[in-house]
K.L.:
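Sharing a structure here in structure tokens format.
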Amino acid sequence: MIGKFDNIKIQGMCTAVPECVEENKNFVSILGTRRTKKQIRLTGVSKRHIAERKQRTSDLCYAAALPLLEKLKWNRNQIKVLIYITQGPNYKLPSTAFFLQHRLGIPKDCVCFDINLGCSSFNVGVHVVSALLQSCEISDKALLLIGDTASQVLSPEASMNEDAIADRMIFGAAGAAIALEKIKDSNLMFMTKSDGDGFEAIIQHFGRGTTMNGTAVFEFAINYVSDDVNVFKKYFGLQEDDIDYYIFHQAQKLVLDNIAASCDLPDGKELRSLEKYGNTSGTSVPVTVCANRDKFMDRESVNLFLCGFGVGLSWGTIFAEIPTENILPVIETSEHYDEDKIPNGRLAEYNILIVGADKPLGENISRYLNDKTANVILAGQDKNKLQNIQADLSFKTHIIEYSELDVSLFDLVAQYCEAEDICLHGIVFANEDIKSDVISEASKKLLEKEYLLDSGASSIVFVSNIETLRLENKQMYDARKAELSDILSRIQENIGTNGVRVNAVLYDETMFDLTQITGNGQAWIEKYLGEDRPEEMKRPLILGKAVMYLLSGDSLYTTGAMISINR
């Protein structure tokens with residue numbers, strides 16, 4: 001499909017990327033120096049802005065839209081079209097466009113919907129929005145929002161195999177806002193094409209990662225895309241002097257070099273942004289425009305040949321004159337909106353009391369469980385430490401400060417639970433100094449007051465470092481383990497069998513590096529990669545996973561078990 005829209009103008013654009021930057025050279029410990037350098041050289045990507053773990057695509061698009069609307073001084077009552085294009089919506093339904101309409105304060109007289117599309121989002125989006133504006137009045141306006149968080153801060157539990165990391169080193173995250181208006185004596189040229197025979201070239205099945213046939217995509221780009229650059233120019237009679245700059249989807253350097261060579265583009269007229277931002281999916285065309293704004297800010301307007309291509313397979317071109325004053329710089333943001341989010345993990349809505357949360361092990365377990373959407377009650381003797389932990393966690397947290405590690409602590413717990421209307425689903429004893437009789441009496445106290453649920457969803461987990469003795473003194477290790485087993489049995493006997501489970505996780509503290517995973521986890525990942533992925537940093541995650549299992553409904557019929565983390 002090729003044609004021209006009369007009375008349609010792109011009035012401006014703004015793009016936003018996360019503040020978080022990932023350097024590709026950091027993956028030397030996985031790929032090796034030679035492959036890492038080769039990857040950077042061939043793709044042209046040295047670093048990328050990646051989404052923080054709380055950051056969604058809609059956050060980036062919102063951050064891009066606000067300054068653009070402010071710059072244009074638009075009356076939002078005149079915005080009649082809001083289209084959001086992404087492969088990562090907030091919800092299965094409704095369209096995230098409605099959420100963005102709400103956040104941006106755009107009135108009801110507006111058509112809103114999502115489009116599921118990737119690398120060709122810009123040209124398809126401009127085409128769709130322009131078609132909808134044709135039925136509007138002169139001076140009516142539209143907002144096209146495009147974005148993807150193709151790359152986020154790695155989860156500490158992620159499997160870091162070489163091929164997955166090599167793919168990761170191409171992609172960045174970004175959001176874009178493009179403003180279009182129905183205005184007299186303006187026109188916009190377009191071409192949009194698709195080839196369903198190539199639908200499997202880039203594909204992600206439900207529950208699986210994305211796969212790409214690199215050879216097929218490369219051949220598609222240097223043949224179909226390159227050929228249609230010339231077709232488009234010939235159809236509209238465009239001469240080289242009519243075009244100020246060419247901007248293509250930032251797939252990777254090798255692809256762009258071949259397109260530029262195939263189309264015989266003049267030196268200096270094809271602009272790029274992939275070295276700093278990587279492949280930002282459908283946002284890469286507007287990101288490149290904004291990243292290169294300094295090259296054309298000395299003129300009133302700029303004539304841009306804008307071409308997107310990729311998933312589908314799909315490709316197309318927009319040729320437009322855009323006012324340069326309304327092309328805004330790339331914004332870096334840590335913006336994230338959390339009010340609409342709901343916990344969605346194995347411990348969602350669970351209230352877990354962590355005794356000894358101000359100690360390194362207790363802090364580690366608290367952070368892990370909260371990351372898995374549990375509400376944690378941080379109990380400890382260092383209030384400042386507990387408050388610092390609380391400030392860094394995502395889901396609901398409470399603090400109980402105590403002075404003595406004895407049964408009186410659980411009077412405080414009972415009082416707090418009553419005042420805050422909290423029912424406990426589990427207790428984790430992460431303090432080595434606590435005695436078994438204290439655990440037993442405390443459990444009975446809470447059960448009597450019905451603050452520890454007896455519905456089968458409640459669990460007591462004792463975390464012990466006796467695995468440290470396994471190699472040092474096998475005889476003492478066996479004796480301590482037998483003693484712990486007996487303690488668990490006596491606690492179970494004392495509190496009864498009303499659905500409350502009593503278990504233990506055993507670990508070797510000499511094999512553990514309790515580096516806390518703070519903030520968005522990026523600092524932990526960089527340390528982990530920089531120190532050549534030490535097993536000691538991964539083992540606490542395995543311990544956290546074991547504790548989570550014993551707290552969750554998955555361990556409904558498990559009691560008296562002792563899980564050893566010793567490898």
Side-chain angles (χ1 to χ4, degrees), residues 156-157 352-369 379-382 385 402 404-407 409 426-443 459-495 500-517 524 527-528 531-552 555 558-567:
E157 296 175 272
I352 308 298
L353 173 67
I354 314 292
V355 180
D358 54 344
K359 306 296 184 183
L361 178 65
E363 178 183 353
N364 187 277
I365 293 171
S366 299
R367 290 180 179 278
Y368 186 89
L369 297 182
Q381 295 169 299
D382 186 340
K385 177 67 174 177
Y402 60 84
E404 297 295 333
L405 195 56
D406 56 23
V407 177
L409 160 63
I427 306 175
V428 178
F429 292 96
N431 194 315
E432 293 295 333
D433 299 327
I434 198 162
K435 307 300 181 185
S436 62
D437 58 337
V438 173
I439 298 174
S440 182
E441 287 303 311
S443 304
S459 180
I460 298 169
V461 178
F462 183 69
V463 183
S464 171
N465 65 353
I466 66 171
E467 285 294 314
T468 310
L469 297 170
R470 178 186 284 270
L471 297 179
E472 292 179 1
N473 189 325
K474 184 66 165 59
Q475 186 176 2
M476 185 179 292
Y477 168 76
D478 290 338
R480 287 285 303 278
K481 190 172 182 181
E483 179 185 359
L484 181 56
S485 179
D486 182 59
I487 289 170
L488 296 181
S489 298
R490 282 191 283 113
I491 293 172
Q492 185 74 76
E493 183 180 341
N494 286 343
I495 64 175
V500 179
R501 308 180 299 280
V502 183
N503 297 290
V505 177
L506 317 180
Y507 72 101
D508 180 348
E509 61 187 359
T510 65
M511 301 173 71
F512 271 57
D513 178 352
L514 283 170
T515 302
Q516 306 297 343
I517 302 172
W524 189 94
K527 177 179 170 65
Y528 178 70
E531 296 187 3
D532 204 17
R533 297 171 289 156
E535 284 294 317
E536 290 77 10
M537 288 181 69
K538 277 283 191 179
R539 287 192 181 96
L541 299 174
I542 304 302
L543 182 147
K545 189 173 290 188
V547 171
M548 180 179 69
Y549 164 75
L550 294 172
L551 291 169
S552 73
S555 67
T558 303
T559 192
M562 293 188 291
I563 299 176
S564 297
I565 312 296
N566 57 21
R567 292 185 176 83

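Start at 1 with the first residue, then count along the sequence. Just so it is clear, the values below take in all heavy atoms, side chains as well, and ignore hydrogens, waters and symmetry mates.
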K.L.:
Indicate yes or no for a side-chain donor-acceptor contact from D382 to the backbone of D358 under 3.5 Å, with no hydrogens or angles considered.
P.N.:
no
K.L.:
Is there side-chain contact between N465 and L361, with heavy atoms separated by less than 4.5 Å?
P.N.:
no
K.L.:
At what distance, to the nearest 0.5 angstrom, does CZ of F512 lie from CD of E536?
P.N.:
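Answer for the CZ-CD pair, F512 versus E536, is 10.0 Å.
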K.L.:
Hey, what do you get for CG (L409) to CD (Q381), rounding to the nearest 0.5 Å?
P.N.:
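Between atom CG of L409 and atom CD of Q381 there are 9.0 Å.
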K.L.:
Please report the closest heavy-atom contact between G544 and L369, naming both atoms and the distance.
P.N.:
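Looking at all heavy atoms of both residues, the closest pair is O-CD2, 4.5 Å.
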K.L.:
Keeping S459 on the side-chain end and G426 on the backbone end, is there a donor-acceptor pair under 3.5 Å?
P.N.:
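No; zero donor-acceptor contacts below 3.5 Å.
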K.L.:
Go through the steps for M511 and E467 under the test side-chain contact (heavy atoms from CB on, under 4.5 Å), then give the verdict.
P.N.:
CA-CA 10 Å; M511 301 173 71; E467 285 294 314; over 6 Å; no
K.L.:
If you round to the nearest 0.5 Å, how far is CG of L543 from NZ of K538?
P.N.:
14.5 Å
K.L.:
Is there a side-chain contact between N503 and I563, using heavy atoms and a 4.5 Å cut-off?
P.N.:
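When only atoms from C-beta onward are counted, I563 and N503 do not touch, as no gap falls below 4.5 Å.
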K.L.:
Calculate, to the nearest 0.5 Å, the distance between atoms NZ and CG belonging to K481 and D478 respectively.
P.N.:
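Separation between the atoms: 8.0 Å.
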K.L.:
Looking at residues at least two apart in the chain, or sitting in another chain, which of them share a side-chain contact (heavy atoms from CB on, under 4.5 Å) with L469?
P.N.:
E472, M476, Y477, R480
K.L.:
Is there a side-chain contact (heavy atoms from CB on, under 4.5 Å) between F462 and I487? Walk through the geometry before answering.
P.N.:
CA-CA 10 Å; F462 183 69; I487 289 170; over 6 Å; no
K.L.:
In Å, rounded to the nearest 0.5 Å, how long is the span from CZ of R367 to CD1 of I365?
P.N.:
13.0 Å
K.L.:
How would you list, by chain and number, every residue that makes a salt bridge (charged side-chain N to carboxylate O under 4.0 Å, His left out) with E157, sequence neighbours excluded?
P.N.:
K372, K545
K.L.:
Taking side chain as C-beta onward, heavy atoms only, is M548 less than 4.5 Å from Y368?
P.N.:
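They are in contact (side-chain heavy atoms under 4.5 Å apart), so the answer is yes.
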K.L.:
Quick check: closest heavy atoms across A430 and G362, and the distance to 0.1 Å?
P.N.:
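Answer, listing the atom of A430 first, then G362: CB-CA, 3.7 Å.
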K.L.:
For the residue pair S552 and R501, what are the closest heavy atoms and their distance?
P.N.:
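Closest pair (atom of S552, atom of R501, distance): O-NH2, 3.2 Å.
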K.L.:
Is a side-chain donor or acceptor of S464 paired with a backbone partner of L506 at a separation under 3.5 angstrom?
P.N.:
no
K.L.:
Any donor and acceptor pair, going by atom type alone, linking the side chain of D513 with main-chain N or O of P534 inside 3.5 Å?
P.N.:
no
K.L.:
Side chains of T515 and E531, heavy atoms from C-beta outward: is any pair under 4.5 Å?
P.N.:
no
K.L.:
Roughly how far apart are L488 CG and I460 CD1, rounded to 0.5 Å?
P.N.:
10.0 Å
K.L.:
Is any side-chain heavy atom of V355 closer than 4.5 Å to one of Y402?
P.N.:
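Yes, side chains in contact.
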K.L.:
Which pair of non-hydrogen atoms, one from L353 and one from A379, has the smallest distance, and what is that distance?
P.N.:
CD1-CB, 3.9 Å
K.L.:
State, yes or no, whether a side-chain contact exists between M562 and L484 at a heavy-atom distance under 4.5 Å.
P.N.:
yes
